[in-house]
Amino acid sequence: MTPSALPLGDPAPADGLLPAQAADGAAERNFGLYVHIPFCSVRCGYCDFNTYTATELGGGASQDVYGGTAAREVVFAADALRRSGLPERRMGTVFFGGGTPTLLPAEDLALILRTAVDQWGLVPGAEVTTEANPDSVTPQSLQLLADAGFTRVSFGMQSAVPHVLAVLDRTHTPSRVPQAVQWARDAGLNVSVDLIYGTPGESMADWKHSLEEALSYEPDHISAYALIIEEGTKLAARMRRGEVPPIDDDDHADKYVLADEMMTAAGLNWYEVSNWARTPADQCRHNLAYWRSDDWWGIGPGAHSHAGGVRWWNAKHPTAYAQRIEAGESPAVGRETLDADTRYMEDVMLRTRLAEGLALDRLRESGRQAVAGLMADGLVDPRAALTGKVILTPKGRLLADAVVRRLLPD
């Protein structure tokens, strides 16, 4: 997923070449591909991602040619990495996000994937995921994706309660989700479902019902995210006008605890603060690559990329993005080279969220000194000295941001 606002940074060169730092140690890092599909049938009231409806793009004509445009960026990316001196690496993960990737014809998604495989290849057992709305797939489209090499689909379920879905502006009916899950399984795809908790007007009983429904589908993976109200969204405006109640942090905490208890009881284990998987093999390896600061190239408008502490991002609007691709130029409009302090901060912030933990020897002295207090407060597993890792307790997961702040006192 790609945020709507791009960060500040230095201009990115039109030839797409990366500084030497990007190649340092690249052979030891995993490489993945993110493909942003910026189209939605309806803009959800809570969404702050870089997405567009057909009306906003003047009838949606851009969707007709987007597959070919994205495929051309794939070719450009492979050439830019080679010219920048990065070693040849096969893709370990590919992730199509959005937006709603499955609003594009399955043939277009297959074209982009096929182009990427032609350029880089896939490691054995690679993970290839697409996000999807339950009302944007058919048995035929899912089978075509599986035949093209997709291995996994992540459905945006969000809730099983109609009035909650209405507040979120979701277009599917709850009964559509189990149908779509079964179609995906019939096609041989692994299945993840996404849930959102804390929607204004959602009771604890509503949330429990959504969890029960999601678990009844026996997915391989569940993501459960607390609703965040982003400025500039329709839901933020409704909240300012008093049409819906404000977010309640205590309600969020109670719902997180319930989710963790129910998913653990159903055999799904947390591996990141907001993600649970049935087995380690079912964890989303693409997202793990983000949290471990591996390398990835982001395809599409507004997409972000990273290699060895160099981060860059594409033109935000689909038209501006396509114009750069058509001109044979890099679609990137900005980039930054992270300094040691920033890389350290992000490493602590991201790895602390993982069940595998943050190795104590990755912490600076000030951070190591904070661990004893975090253990005493019940936020970090008291066996840190024995395991050599900072691993969050359930209480620590609720207060993950506060844990990070204490590990980064400088």
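Panel note: side chain T342, backbone L338; no donor-acceptor pair is recorded below 3.5 Å. Between the side chain of H304 and the backbone N or O of G302 there is at least one donor-acceptor pair closer than 3.5 Å. Judged by distance alone, the side chain of R83 and the main-chain N or O of D15 form a donor-acceptor pair under 3.5 Å. Not a single donor-acceptor pair under 3.5 Å links the side chain of S136 to the backbone N or O of A132. Using modelled atom types, one side-chain atom of S305 and one backbone atom of G298 make a donor-acceptor pair closer than 3.5 Å. Of the possible donor and acceptor atoms, none in the side chain of T199 sits under 3.5 Å from a partner among the backbone N and O of E202. In this structure, the side chain of K389 engages the main chain of E356 through a donor-acceptor pair within 3.5 Å. Between the side chain of S293 and the backbone N or O of A289, no donor-acceptor pair lies under 3.5 Å. Of the possible donor and acceptor atoms, one in the side chain of T151 sits under 3.5 Å from a partner among the backbone N and O of V128. Looking only at distances, a side-chain donor or acceptor of S141 sits under 3.5 Å from a matching main-chain atom of T138.
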Exercise. Could you walk me through whether S223 and E272 pass side-chain contact (heavy atoms from CB on, under 4.5 Å), step by step?
Key: CA-CA 9 Å; S223 299; E272 192 274 340; over 6 Å; no

Self-check item: Worked check of side-chain contact (heavy atoms from CB on, under 4.5 Å) between D10 and E336
Solution: CA-CA 6 Å; D10 299 322; E336 58 184 341; 5.7 Å; no

Exercise. Would you sort out whether R278 and E218 count as a salt bridge (Lys or Arg N to Asp or Glu O under 4.0 Å), showing the intermediate values?
Key: CA-CA 9 Å; R278 196 162 298 281; E218 299 185 345; over 6 Å; no

Self-check item: ring-ring contact (aromatic ring centres under 6.0 Å, His included) between Y256 and H252, intermediate numbers included
Solution: CA-CA 6 Å; Y256 180 87; H252 274 188; over 10 Å; no

Quiz item: Passes salt bridge (Lys or Arg N to Asp or Glu O under 4.0 Å), E326 versus R72? Steps please.
Solution: CA-CA 9 Å; E326 290 296 327; R72 282 192 289 277; 2.6 Å; yes

Self-check item: Test log, rule side-chain hydrogen bond (donor to acceptor under 3.5 Å, both in side chains), inputs T115 and D118
Solution: CA-CA 5 Å; T115 304; D118 288 344; 5.5 Å; no

Self-check item: Intermediate values then yes/no, side-chain hydrogen bond (donor to acceptor under 3.5 Å, both in side chains), E73 and Y321
Solution: CA-CA 10 Å; E73 188 190 352; Y321 163 79; 2.6 Å; yes

Quiz item: Could you walk me through whether V177 and Y217 pass the side-chain contact (heavy atoms from CB on, under 4.5 Å) check?
Solution: CA-CA 9 Å; V177 181; Y217 312 148; 3.5 Å; yes

Quiz item: Run the salt bridge (Lys or Arg N to Asp or Glu O under 4.0 Å) check on K255 and D251 step by step: do they pass?
Solution: CA-CA 6 Å; K255 286 174 178 173; D251 176 67; 3.0 Å; yes

Quiz item: Which is it for L142 and D186 under the side-chain contact (heavy atoms from CB on, under 4.5 Å) test, yes or no, and what are the steps along the way?
Solution: CA-CA 9 Å; L142 288 167; D186 290 344; over 6 Å; no

Self-check item: Worked verdict on D347 versus R292 for salt bridge (Lys or Arg N to Asp or Glu O under 4.0 Å)
Solution: CA-CA 7 Å; D347 190 56; R292 293 168 177 163; over 6 Å; no

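Remark: aromatic rings of F150 and F96 are close, center separation under 6.0 Å. No close placement of the W296 and F31 rings is indicated, their centers lying 6.0 Å or farther apart. Side-chain rings of Y66 and F39 approach one another, their centers coming within less than 6.0 Å. A distance below 6.0 Å separates the ring centres of W312 and W297. Between H286 and Y290, a ring centre-to-centre spacing shorter than 6.0 Å is recorded.
Residue R335 holds its CZ atom at 6.0 Å from CG of L18, rounded to the nearest 0.5 Å. From S274, atom OG reaches atom CG of L195 across 11.0 Å, with rounding to the nearest 0.5 Å. For the atom pair D169 CG and Q158 CD, the distance stands at 12.0 Å (nearest 0.5 Å). Taken from CG in D135 to CD in Q179, the straight-line distance is 11.0 Å, to the nearest 0.5 Å. Once rounded to the nearest 0.5 Å, the distance linking CG of D339 with CE of M345 reads 9.0 Å. For the atom pair CE of M375 and CD1 of I391, the computed distance is 12.0 Å after rounding to the nearest 0.5 Å.
Ion pairing of R406 with D377 is present here, as a side-chain N (NZ or NE/NH1/NH2) and a carboxylate O approach within less than 4.0 Å. Under 4.0 Å is where a charged nitrogen must lie from a carboxylate oxygen, and between D341 and R364 at least one such pair does. We find that D260 and R397 are joined by a salt bridge, their nearest charged nitrogen and carboxylate oxygen being less than 4.0 Å apart. Ionic pairing of R351 and E346 is not present here: no N-O contact between side-chain nitrogen and carboxylate oxygen is shorter than 4.0 angstrom.
For the side-chain contact (heavy atoms from CB on, under 4.5 Å) test with D220, the passing option among N190, L189, T279, V193 is N190; the others fail. Of the candidates L350, L392, L363, L358 forms a side-chain contact (heavy atoms from CB on, under 4.5 Å) with just one, namely L363.
With contacts defined as side-chain heavy-atom distances shorter than 4.5 Å, the pair P101/L103 does not qualify. Residues Q119 and V75 form a side-chain contact, since some pair of their non-hydrogen atoms from C-beta on lies under 4.5 Å apart. Proximity of L144 to L109: side-chain heavy atoms (C-beta onward) are nowhere separated by under 4.5 Å. Here the side chains of V333 and N314 are not in contact, with every heavy-atom distance at 4.5 Å or above. Using a 4.5 Å heavy-atom cutoff, the side chains of S159 and Y197 are not in contact. The shortest side-chain heavy-atom distance between T93 and L33 does not fall under the 4.5 Å cut-off. Side-chain contact between R362 and V348: absent, with no pair of heavy atoms (C-beta onward) separated by less than 4.5 Å. Residues L374 and L407 meet the side-chain proximity criterion, which asks for heavy atoms closer than 4.5 Å.
When all heavy atoms of A277 and H221 are compared, the pair lying nearest together is CB-CD2, 4.1 Å. Looking at every heavy atom in both residues, E88 comes nearest to R82 through OE2-CD, 3.0 Å. In this structure, V310 and P19 approach most closely via the heavy-atom pair CG2-CG, 3.7 Å. D206 and V161 get closest at one heavy-atom pair: O-CG2, 3.6 Å. Between L17 and P13, the closest heavy-atom pair is O-CG, 3.5 Å. Between E131 and G98, the shortest heavy-atom distance links the atoms OE1-N, 3.1 Å.
Taking the salt bridge (Lys or Arg N to Asp or Glu O under 4.0 Å) definition, one finds that E213 meets it with nothing, sequence neighbours left out.
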